[in-house]
Peer 1: 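Got a structure for you, written out below as structure tokens; questions coming shortly.
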Amino acid sequence: MPVEQLSRVRKSILPQVGDDWSHIASRELPDLSEKDAIASLQSWNLHVYMRAAARMGTGSNNILPSDVIFVEPPLAYG
Amino acid sequence: MSGAVISRVELAAAHDGDAELNVTLQYENGGQTLVALDEYAVRVLMDSCGATTPDALIGQGWHHVRDALEAASNRFVNSNSTQQ
Amino acid sequence: MYDLVIRNGKVVDGSGLPAFKADVAVMGNRIVKIGQVPESAREEIDAAGKIVAPGFIDPHTHFDAQLLWDGCAKPALAHGVTTIVPGNCSLSLAPLKAKHRMRLVGMFNQIEEMPLKAFKEGVVWDWETFSEYITRIRKGLAINVAPLVGHSVIRLWVMNEAATERTATDAEIAEMQSVLRECLDAGAAGLSTSYVDMDEKLQPVPSRYADAREVDALASVLGEYGRVLQIVPEFYDSDLTIARLDQLAELSLKYNIPTTFSPLFMNADNVDAVNRVMARVDEQFARGARVWPQVQTRPIDISFSFSVPSLLFMRFPTWYKIMRFGTPDEISAFFSDSENRVKLIAEAAPLEGLWPTLILRHVETDANQKYVGKTLKEIAELRKTTPVEAMMDLSVEEGLEAHFLSAGMGHNDDAKVAGLLNHPRVHIGASDGGAHILSFSTYGDTGYLFSHFVRDLNLMTVESAVKKITSDTAAIWGIPERGMLKEGMIADIAIFDPSTIARGEEKFVNDVPGDGHRYVRDSHGVDTVIVGGGIAWSEAKGYQDARGEVLPGVREMVAA
């Protein structure tokens, strides 16, 4: 089966070097205001809050390099 | 701005043998996700929502869940001791 | 004359084909004949009425520390398990610099609940490299070991404290590749990594600070050897699990390696989600990727005592409130007060269905030891009271250190779990043997597979169950010459009674170095376990020969 024929799954990205919510928001959700884009991203990625990452980043940047970051909400299934 | 809200809560068995609360969040597009909260996070969530029973969490916004998870995780940040 | 002949048994050879009656003859460490064996042997076993199967392979364990003082990985061997895979979830005990020992001990303590005292009193630290660790555990090894090397440990070796601070530089990644090659040359069966585990400070383990290019670089080394990549995905979320299995699929295709992720649980509220994960697994296999989900056989139990608040009571406000806000003395006083008891009893009425299955698992006093292992319903009858009052009374008598267990609270829909276990892409595993030792027993999942899903529920055939935990596992992990009963194969054999095989009751034992305890389950119905042609354990004589090997062995041996 070619990769193009895989069924659609929820769209995600892997963080780039130096990524925080703001960077990802401006890159992935350019049509939204920064505030709304960050809120959307955070609401789609609550797993990021399931662990502290005190040694990585500062302030609200708790994204780890290995994290999967969803850039859309969960898909609705019939 | 995301308007995801808690649509369901259910007690569940965590991998490590503790009881946890599975919270289902429903998004505006109809999609759902399930978030597992430990006892500490549930306490924070209920306090933050002013809920006295788990069912009273239904309808509350996703940001309460985010903040409860963050508070539960951050309680370990300054801990230097291992559990024994 | 043969060294060993097993006579009159029913051979379930691991292929999945129907059982057949035959004798099995062994010379040295190999099976030399299956069929009628008229010749005599130095040792003979009468297996009439029993099944003669390949030894079971447990692909997800954390016996790394236990192997330092127990080459049998007790009680795994007695359950018929002849090969274990330790080093899962990004953690192994090598390679490990001396200066990092206590750090890793802390991680093992956090993740496996292995007491610090066990390391202090049970371990002579005489290794640093993976090769030295292998040499160390080979002494007295009675069970075969196919050890994974942990990504977190390699990261710590190369990056020191920066392992939990940042991504790696190109030079560091190249060094990690070199270290991984050394480990694979020394006998590592593959690499494990984790996206969920926490370290001794409850911070993400080092592997979680790796970016995708680091994982890709390490997978490329696995490709040079054709070895396995194991991961722990964010198993609580199906979308995350699918994202991870897609990553694994790309690595599997790019480097032609087998990959596996564990665990995958089936609960009442995630049936559709698990079905989506399995549909994705099927799609990725259709592309040629090898992405094996691991599913455990046993259900998940919830344990609690009244010394720590448990969400099990959160729907009962009076109970939860006193658990949450009361000191131990206040809770005891509350439980003893007659007015409060009336309220508590009334509120707990919906728990009626719980009492026949809620078990008292641990007490401190001698007086109450007689109730351990019994259900609250049974205890109530013995004490001539109600179950809920028995629970409160025992808690008060034990200073709140009466521990209860509510069995089968998760991963408990038998038909659906059996559907998963029978799925051709599902790898039966995820036992976590050797981990969580102070919380619950991680031994006896194979006995539970045969007693529950094969015998009691008839949801699997014994042939397919055996295949799943022997030849399938050996094929997935690239373990040569094991997993099947066939002439010429290594003689790893489990002989068991299909009418009695089971996991025993959970019990708390004091057999961890440093006066430590753990929960275990004895085997029931397993007669004899043979490793490398030697009787490693028998019900009659206990632990005997120690012919375990490190598998798949050093690279040169595999190439040969």
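A quick note: this is a predicted structure, and the numbers were derived from the prediction, not measured. First the proteins, then the strands, lettered A, B, ... as listed; each starts at 1.
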Peer 1: Side chain, backbone, both or neither: which part of C:Phe304 has a non-hydrogen atom closer than 4.5 Å to chain B?
Peer 2: neither

Peer 1: Highest number of heavy-atom pairs under 4.5 Å with chain B: which of C:Ser406, C:Pro309, C:Ser310?
Peer 2: C:Pro309

Peer 1: Could you look at B:Arg43 and say if it's the side chain, the backbone, both or neither that has a heavy atom under 4.5 Å from chain C?
Peer 2: both

Peer 1: If you compare all heavy atoms of C:Leu312 against all heavy atoms of B:Ala19, which two are closest, and at what distance to 0.1 Å?
Peer 2: N-CB, 3.6 Å

Peer 1: What are the two closest non-hydrogen atoms of B:Leu21 and C:Leu311, and how far apart are they?
Peer 2: N-CD1, 3.5 Å

Peer 1: For the ring pair B:His15 and C:Tyr236, is the centre-to-centre distance below 6.0 Å?
Peer 2: no

Peer 1: Checking B:Glu39 against C:Tyr320: is there a side-chain donor and acceptor pair closer than 3.5 Å?
Peer 2: yes

Peer 1: Please classify the contact of C:Pro317 with chain B as side chain, backbone, both or neither, using a heavy-atom distance under 4.5 Å.
Peer 2: neither

Peer 1: What part of C:Phe265 gets closer than 4.5 Å to chain B, counting heavy atoms only: side chain, backbone, both or neither?
Peer 2: side chain

Peer 1: Are side-chain N/O atoms of C:Ser439 and B:Asp16 paired as donor and acceptor at under 3.5 Å?
Peer 2: no

Peer 1: Out of curiosity, C:Met314 CE to B:Glu20 CD, how far, rounded to the nearest 0.5 Å?
Peer 2: 12.0 Å

Peer 1: About how many Å separate CG of C:Asp239 and CD of B:Gln32, when rounded to the nearest 0.5 Å?
Peer 2: 11.5 Å

Peer 1: Between B:Ala13 and C:Ile300, which heavy-atom pair has the shortest distance, and what is it?
Peer 2: CB-CG2, 3.8 Å

Peer 1: Quick one: what part of B:Thr33 sits under 4.5 Å from any heavy atom of chain C, side chain, backbone, both or neither?
Peer 2: side chain

Peer 1: Once rounded to the nearest 0.5 Å, what's the spacing between atom CD1 of C:Ile302 and atom CG of B:Leu11?
Peer 2: 5.0 Å

Peer 1: Rounded to the nearest 0.5 Å, what separation is found between the OG atom of B:Ser73 and the CE atom of C:Met198?
Peer 2: 6.5 Å

